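To keep things clear, I will list the structure first and then write my remarks on it.
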Amino acid sequence: MDEALEVVEVVADSELEGVVTWLLRLVGLAALLAGLGLWLFTEMGLLVLPALLMFVGVVLLVAPSVLLLAAELA
C-alpha cells in the first residue's frame, strides 16, 4: 500500500494529476460497460468474467479520488 501511495504522491506533485485521474476513470467506465454488455447482451449470465469486469470498473471509477485524498492526508 505504501508503494501505491508513493506513486499517487508523485502524480499529485506533477502537473498530470487531472489527466491520470480521468484516464483511470475512462478505463473504469469502459470495463464497467464491457461487463454490463457481456451480462445483458450475451447468454453468459452473471458469471465470473462480467462480474469481475463490473467490479474492476467500479473500483477504477472510485479509486483515483480515494487515493488522491489519502495522499493529501498523509
Side-chain angles (χ1 to χ4, degrees):
M1 185 67 180
D2 292 333
E3 292 85 12
L5 287 177
E6 289 177 17
V7 170
V8 171
E9 286 179 12
V10 169
V11 170
D13 290 341
S14 70
E15 299 293 325
L16 300 174
E17 177 181 349
V19 174
V20 172
T21 301
W22 280 106
L23 183 64
L24 285 175
R25 287 180 182 162
L26 286 175
V27 170
L29 184 63
L32 182 64
L33 291 176
L36 282 172
L38 282 175
W39 178 43
L40 295 175
F41 300 122
T42 64
E43 295 183 11
M44 289 183 84
L46 188 59
L47 293 175
V48 176
L49 183 62
L52 183 66
L53 279 173
M54 288 188 287
F55 177 74
V56 168
V58 170
V59 167
L60 285 176
L61 284 172
V62 176
S65 303
V66 173
L67 285 175
L68 288 173
L69 179 66
E72 288 177 7
L73 294 177

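Throughout, numbering of the chain's residues begins at 1 and tracks the sequence. As the structure is a computational prediction, the values presented were derived from the model and not from experiment.
Across all non-hydrogen atoms, the minimal contact from G57 to A31 is CA-CB, 4.0 Å. Nearest heavy-atom pair, L32 versus M54, reported as atom, atom and distance to 0.1 Å: CD1-O, 3.7 Å. Taking both residues in full, the closest heavy atoms of G35 and L53 are given as CA-CB, 3.7 Å, listed atom of the first, atom of the second, then distance.
At a threshold of 4.5 Å between side-chain heavy atoms, the hydrophobic network of Ile, Leu, Val, Met, Phe, Trp and Tyr places V58 and L40 in one connected group. The same ILVMFWY cluster, assembled from side-chain heavy atoms under 4.5 Å apart, contains both V27 and V56.
With sequence neighbours left out, L29 forms a side chain to side chain contact (heavy atoms under 4.5 Å, CB included) with L33, L61.
Taking OG1 of T42 as the reference point, atom CG of L47 lies at 8.5 Å (rounded to 0.5 Å).
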